[in-house]
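I have placed the structure first, in the form of structure tokens, so that the comments after it can refer back to it.
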Amino acid sequence: MAKLWAGRFQKETDAVVNDFNSSVMFDCRMYAEDIQGSIAHATMLAQQGIISQEDRDAITQGLQDLLAEIEAGKIEFSPALYEDIHMANEQLLTERIGDAGKRLHTARSRNDQVALDMRLYVRREIHEIRALVLHFMQVLCDVAEQHRESVMPGYTHLQRAQPITFAHHLMAYANMLKRDVRRLDDCLAGMDALPLGSGALAGTTYPIDRTLVAELLDFSAVMDNSLDGVSDRDYCIELCSDLSILMMHLSRLSEEVISWCSWEFKFIELDDAYSTGSSIMPQKKNPDICELIRGKTGRVYGALTTLLTFMKAIPLAYNKDMQEDKEATFEAIDTVKNCLKVIAPMFQTMTVLTENMENAAKRGFINATDCADYLTKKGMPFRDAYKVTGTLVHTCIEQGKTLDTLTLSEYQAHSPLFEEDIYHAIDLGTCVRERRSLGGPAPDEVSRQIEGIRSFLHAQKEEA
Ligand code: ARG
């Protein structure tokens with residue numbers, strides 16, 4: 001098929017070059033944004049008297065019909081036919097409405113057109129990702145709500161450290177996700193300016209009204225410099241960076257679920273619908289979903305690296321390297337969405353084995369700090385109390401005991417400050433309930449944390 005830019009050329013594009021150069025296989029997913037942008041552009045052209053009202057009407061109707069055809073699956077976006085979605089839509093429109101279609105590209109270049117389409121597409125996707133993150137935060141709150149009293153060991157160095165609750169643990173992730181939402185919002189705010197009207201790179205001689213187009217497409221500003229307008233991909237990089245951090249969070253959580261599912265922990269059991277079996281080992285139930293989330297994190301980091309690398313040495317203004325922004329950004333977006341879509345219901349349906357958590361909490365001397373604090377509260381300097389407790393733990397390990405199975409006289413042999421109430425002080429329930437410092441695991445304090453996240457979620461709904 002003849003290229004839209006055929007005039008200057010004497011020869012057909014080599015077939016291999018054609019496939020190499022073409023982007024329609026992947027940028028066709030921006031078909032709706034391309035049409036939306038073109039309708040706004042045509043509206044402005046007519047308003048400014050650059051094209052006639054009749055041409056504008058023909059273009060608008062033609063594009064709307066084309067949109068319906070594409071959505072009905074009637075159009076094949078093959079690289080043999082089209083170079084990219086921008087050329088495809090213009091060509092398809094012109095086939096349908098004739099000369100008016102050829103006037104659409106007045107005062108516009110594919111460089112500012114693609115810059116616009118990508119921005120519109122990314123903006124829509126960010127809103128979708130945001131909604132999925134908010135939903136997962138909601139799920140975490142719901143699960144946490146039920147486990148405010150479910151004591152589990154908190155770890156440092158993957159060694160049992162101090163008692164927390166399952167709710168407290170989950171709310172840590174809810175807070176990470178809240179920051180992820182804030183980052184996405186920041187990305188949206190940073191990209192809220194219209195690139196269209198930058199032309200190929202140097203604006204245009206036509207009397208265009210960029211502000212009108214910005215209003216029609218719901219941008220609160222226009223990009224201030226035409227070279228920057230066609231060359232900026234910061235928002236793609238920013239998004240991939242935000243998504244990398246988000247994936248890092250999901251991957252960490254997945255890693256924990258993988259551990260919790262193991263026989264070594266057995267803190268949770270995934271629902272059958274959210275786990276898989278082995279082809280040879282009949283006893284196996286594998287947390288494949290979590291492993292895939294952990295594994296797919298690499299794709300998103302890869303997208304960020306791709307974007308940073310191809311952008312780092314291209315001179316102003318547009319260069320074809322920038323076509324590489326699509327697959328990388330799309331890959332990051334798709335991956336994150338797919339991961340969020342499986343992780344939320346996986347959490348909703350899993351069984352929390354609270355008894356196993358509590359049994360693990362009973363082993364590993366996670367109440368040792370509380371024992372030391374007991375002595376400190378009775379007047380012993382903390383450093384001395386630490387030492388006494390350390391010696392007690394040593395004794396327990398030697399004799400195969402735990403702190404709560406030592407007799408009072410064994411305690412008193414180490415310090416006369418120990419009294420009957422030591423058993424209450426080192427009881428796991430007490431240890432958790434007393435940790436009511438702001439941000440701590442005490443059930444009432446975690447309720448406050450859940451409430452905080454819930455009101456954040458509520459405010460998001462109000463805004464939407
Ligand atoms: N498919 C191209 C891209 O994604 C569109 C812009 C092409 N512009 C050009 N001057 N070749 O970047």
Side-chain angles (χ1 to χ4, degrees), residues 1-9 11-38 40-41 70 75-94 102 104-125 191 194-204 223 226-237 239-240 303 306-334:
M1 172 144 336
K3 296 273 189 283
L4 286 182
W5 36 260
R8 190 202 183 286
F9 290 77
K11 270 189 179 176
E12 289 274 308
T13 316
D14 177 88
V16 176
V17 171
N18 189 68
D19 286 352
F20 187 68
N21 186 50
S22 177
S23 56
V24 76
M25 306 80 79
F26 50 84
D27 65 21
C28 63
R29 66 159 85 188
M30 307 191 300
Y31 68 86
E33 286 73 22
D34 191 70
I35 287 174
Q36 186 192 5
S38 289
H41 181 62
I70 297 171
I75 308 286
E76 193 208 343
F77 289 114
S78 146
L81 299 173
Y82 313 109
E83 185 175 322
D84 57 26
I85 186 62
H86 326 292
M87 301 272 219
N89 278 345
E90 187 182 327
Q91 215 162 301
L92 288 160
L93 175 71
T94 304
K102 296 189 200 159
L104 170 62
H105 210 54
T106 314
R108 184 175 75 169
S109 155
R110 260 189 306 157
N111 296 350
D112 58 349
Q113 186 179 0
V114 72
L116 171 67
D117 293 3
M118 188 64 176
R119 228 168 247 256
L120 290 173
Y121 182 84
V122 166
R123 182 171 75 178
R124 179 161 62 82
E125 291 293 325
M191 65 186 280
L194 173 84
L196 199 71
S198 297
L201 75 163
T204 174
M223 292 189 75
S226 63
L227 292 168
D228 184 42
V230 289
S231 308
D232 171 33
R233 296 293 183 275
D234 288 5
Y235 64 97
C236 296
I237 298 177
L239 173 62
C240 286
T306 299
L307 288 158
L308 285 169
T309 308
F310 82 70
M311 285 297 286
K312 83 186 234 310
I314 50 182
L316 293 179
Y318 179 84
N319 297 263
K320 193 71 172 229
D321 317 40
M322 292 162 83
Q323 180 167 284
E324 291 292 307
D325 63 351
K326 315 271 170 340
E327 285 161 296
T329 308
F330 296 164
E331 168 94 333
I333 289 171
D334 293 349

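Both counts, for ligands and for their atoms, begin at 1 and track the order of listing.
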| For Glu90, salt bridge (charged side-chain N to carboxylate O under 4.0 Å, His left out) partners two or more places apart | none
| message | Using modelled atom types and a 3.5 Å cut-off, is there a donor and acceptor pairing between side-chain atoms of Asp112 and backbone atoms of Leu196? | response | no
| said: Nearest 0.5 angstrom please: Glu33 CD to Tyr121 OH, how far? | reply: 7.5 Å
| note | By side-chain hydrogen bond (donor to acceptor under 3.5 Å, both in side chains), Arg119 pairs with (sequence neighbours left out) Asp232
| query | Got a sec, which residues hit side-chain hydrogen bond (donor to acceptor under 3.5 Å, both in side chains) with Asp117, two or more places apart in sequence or on another chain? | reply | His86
Check: every ligand 1 N/O to protein N/O pair under 3.5 Å:
| residue | atom | partner | partner atom | Å |
| --- | --- | --- | --- | --- |
| ligand 1 | 1 (N) | Ser23 | OG | 3.2 |
| ligand 1 | 1 (N) | Asp84 | OD2 | 3.0 |
| ligand 1 | 1 (N) | Gln323 | OE1 | 2.8 |
| ligand 1 | 4 (O) | Lys326 | NZ | 2.7 |
| ligand 1 | 8 (N) | Asn111 | OD1 | 2.9 |
| ligand 1 | 10 (N) | Asn111 | OD1 | 3.1 |
| ligand 1 | 12 (O) | Tyr318 | OH | 2.4 |

| request: Assert yes or no for the condition that the ring centre distance of Phe77 to Tyr31 is strictly below 6.0 Å. | output: no
